[in-house]
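I have placed the structure first, in the form of structure tokens, so that the comments after it can refer back to it.
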Amino acid sequence: MKNQNQSFLAFFSKVIFAVAYVAMVSPIASAHAASGLPNSIEESTNTQELKVLAKSDDDDDDDDDDDDLPEVVKTSVFKDISQRANVEASSLRVLRAEKTTWSNSCLGLKSDEVCSQVLLPGWQVVVAGSSQAWVYRTDESGSVAKIDETSSQSVTATILKTRTVNEQISSRVTTVERRSQVLAARTTTASREDEANINAVSRSSTISAATVNVTSKKPGFSLAILQPSGSFEEVIARVSVKGKRGKGYLKERFLGDYKYKIQQKAKFVKGLKAGDRIVVRLYDTQNRFIGYSEFECLSANTAVNLILSNNPSGYKVVRTVYGLDTNFDGAIDSGSTTYDYFTQVNEQRVTFLRSSQQVNVSQFQVEGLSAVASRSVYPASFSQGEYALVQQSVSASSSNLAAALKAAPSQLVEMNEVSNDSTFDVSQKMMEYREVGVANGVQVKFSDVSVNHWAKDFIAELAAMEVIEGFPDGSFRPEEQVTRAQFAAMIAQAFEKAKVRKVASFSDVSSRYWAFSAIREAYQAGFLNSSGNQFKPTQALSRLEAMLAIARGLNYTVTGSTEAILAAYSDATSIRSDVRSSIAALSERGIVVNYPNIETLNADKVATRAEVCALIYKALVSKGEVSDISSEYVGRGSKTEIESRDDDDDDDDDDDSKRKKPKRPCNQGIGNGAEGCDPGNSRPHGGSNDGDDDNDDDDDDDDDDDDKKRSPNKKDD
């Protein structure tokens, strides 16, 4: 496996280097050539320069794996790209292909399916269109062909960035050439000062090309409201989000009402993931519903334009145009996929149109955007699958919507005024509107969690995120002890990690057990261990075990001095040597929460529901998935949370692609039902990590005692 990873890195680095090479060399060369080498990646795809993408300098001319790529494999990859990106196969070309051996039946990619650990010969193929690239992994015959999303995005982003750099360099070089011509006309000998200036420009151009930042990996979006012509001066945009969770979505959550002047833009940052669906309902200043759109957050910052008709009150059609905006300039990156479609409102019903043939397109052409095409371009999730919207008529209103989404603008919350360069923190807005912004049936206030409870905000926000739930009687029972099964349920809902080991069968967890699925998921993701073939689901969980579960599941390691970090805790000497670094790793990321004494770890104390909520939320903060909630009980570490979040940015895209599909909530205090409902009573579920496998046997005697604490009508399977 190690050799395979090294091989892949070498393969991938050649492609990235080649793209950067073309970016640096082509513009500089064009400044000194009579007629030109290409000034963009798109032009260079038909020149000798791009051959470096198919062959590295250290390859022999007679030993090119690209020539050996079976036609059936090429056809399989091209077919998948054509269906995925709606491009003609004739416009695609193989940049590089290399034989390899994959470590498992999933081709070495993270997958929800069970992957057999058998070596599988195959191919690694890089394909390019005019300005977009795809990295594929296949078996020998091409019958299995899977896209490597992360690598594809990186290569595509590099192409887009290098194109931008090329254009900038070409412009600067052209300016230098013109200046040189003027100087030459004035005198046959350029002054040393002018020569120095010209050289400085060339040097800075080369440096800028070499130091391009590939892409932003923080999904967010800029939203502009446009109108080619008409009498509208202002419009209200009501923004909400359906969080991506596996193959499904969480319930719609309100993000605020925003008053725009036509042509204004606003940025929405933080708290979003690739695949999240953003919903925008449009109103005029008299609060009349005039338009609706949904779009998908892309892997990086997204530029979104909503275009109104000339008469939005009478012609309730909205054109949505959006795409990647990796440099945050508010414009869709040149050469990236541009999604372009129309939505039509009829009272409270919304239709996503397949084409523009039903639309008066002259009313939606805006300067700077592409002309209206006859066929709409939707993201794949909008046009296929269970959650497709194309040619569907959906309701813009529902009794299940959040209170703020059913009320008139400004009725429940204040209007957000948009000015030039306004920026809004999505996760902060979620918390600000939490009580009126969550869907009907999502409880965020509990009868036994007072306004002064130390963990109130942690509990409320996790409940709003549908990670945890309360009990039918309206309580949360924050001081109740947590069992391993309960902790597994919380973990399965909060974190989306790839499976790192095969599923195990536990003799004490039947397929009918309420937390069966959650236990399997938490175990496969590496959060929880077992004792032989037993999981011990009803065993109480200590604070140490809960912390170790998070550290191991998220692969956190300490970067500072373990002993210096742990010195902040008065009882640190009670932490055994083999796990000290894991606790230090959490502490320096701001994840250790100690109530009521910040200086006391109380590692052997049984964890409560409130304590586990605080730990899980702080872990989500460390990953950059939610905004921080300040607490006087967060243990002291040597790293700021901002630094910790930056360290983990590279993991976000991988994590975001593994969300679990939401299942029906059972409202039994158990976490949001991803594991199913607890049949028989209303006891909440969560769980725990056992720390080390070896220690589980020591706790066998505790099972009977723990069972006695269970509700009398609860039966084990």
Side-chain angles (χ1 to χ4, degrees), residues 1 3-16 18-19 45-46 50-56 59-156 158-159 247 299 337 379-381 383-385 498-499 654 657-658:
M1 183 65 183
N3 292 334
Q4 179 183 312
N5 290 338
Q6 292 174 341
S7 175
F8 171 72
L9 291 174
F11 171 86
F12 187 62
S13 65
K14 292 174 183 177
V15 176
I16 294 297
V19 174
T45 56
N46 294 318
L50 196 54
K51 286 185 177 179
V52 72
L53 289 172
K55 180 185 286 290
S56 63
D59 287 338
D60 294 332
D61 291 340
D62 297 329
D63 187 22
D64 190 352
D65 286 336
D66 295 24
D67 296 336
D68 299 330
L69 179 67
E71 188 65 25
V72 65
V73 174
K74 176 181 175 181
T75 300
S76 176
V77 171
F78 279 21
K79 180 179 179 180
D80 191 74
I81 293 173
S82 297
Q83 294 174 345
R84 179 185 298 272
N86 194 27
V87 299
E88 295 294 333
S90 58
S91 66
L92 303 173
R93 60 166 293 176
V94 176
L95 297 184
R96 187 175 182 88
E98 189 171 274
K99 291 180 180 178
T100 188
T101 299
W102 305 114
S103 60
N104 56 38
S105 62
C106 295
L107 308 182
L109 292 170
K110 296 175 181 177
S111 175
D112 288 332
E113 63 186 84
V114 176
C115 307
S116 61
Q117 303 300 310
V118 58
L119 297 180
L120 184 67
W123 289 85
Q124 191 157 255
V125 187
V126 180
V127 177
S130 60
S131 55
Q132 185 174 0
W134 298 267
V135 180
Y136 269 78
R137 302 184 180 193
T138 79
D139 61 4
E140 278 189 307
S141 66
S143 59
V144 179
K146 297 186 178 183
I147 188 171
D148 184 337
E149 295 280 7
T150 302
S151 299
S152 298
Q153 291 169 4
S154 297
V155 175
T156 297
T158 301
I159 290 176
K247 295 181 180 179
S299 58
T337 300
S381 67
S383 57
Q384 57 189 355
K499 298 172 183 176
D654 291 341
S657 65
K658 301 295 179 184

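Throughout, residue positions are numbered sequentially from 1 according to the sequence presented.
- The two residues Ile147 and Ser152 have their closest heavy-atom pair at CG1-OG, 3.6 Å.
- By the side chain to side chain donor-acceptor pair (under 3.5 Å) test, Ser143 is found to be paired with Asp139, Ser141, residues two or more places apart in sequence or in another chain being considered.
- The side-chain heavy atoms of Ser76 and Thr138, taken from C-beta on, include no pair separated by under 4.5 Å.
- Just one of Ile81, Val126, Val94 meets the side chain to side chain contact (heavy atoms under 4.5 Å, CB included) condition when paired with Tyr136; it is Ile81.
- For the side chain to side chain contact (heavy atoms under 4.5 Å, CB included) with Leu107, the lone residue among Asp148, Thr100, Leu120 that qualifies is Leu120.
- Here the closest heavy-atom approach between residue Ser103 and residue Leu119 is recorded as CA-CD2, 4.1 Å.
- Residue Leu69 holds its CG atom at 12.5 Å from CZ of Arg96, rounded to the nearest 0.5 Å.
- To the nearest 0.5 angstrom, Arg93 atom CZ is 9.5 Å from Phe78 atom CZ.
- Minimum heavy-atom separation, Cys106 to Lys146: CA-NZ, 3.9 Å.
- The shortest non-hydrogen separation linking Glu88 to Ser82 is C-OG, 4.1 Å.
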side-chain contact (heavy atoms from CB on, under 4.5 Å) between Glu98 and Trp123: does it pass, once the steps are laid out?
CA-CA 6 Å; Glu98 189 171 274; Trp123 289 85; 5.7 Å; no

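- No option in Leu92, Val77, Val125 other than Leu92 meets the side chain to side chain contact (heavy atoms under 4.5 Å, CB included) test with Trp134.
- Evaluation of the salt bridge (charged side-chain N to carboxylate O under 4.0 Å, His left out) rule for Lys74 yields no partner, not counting sequence neighbours.
- Atom-to-atom distance recorded for Asp68:CG and Lys99:NZ is 5.0 Å, nearest 0.5 angstrom.
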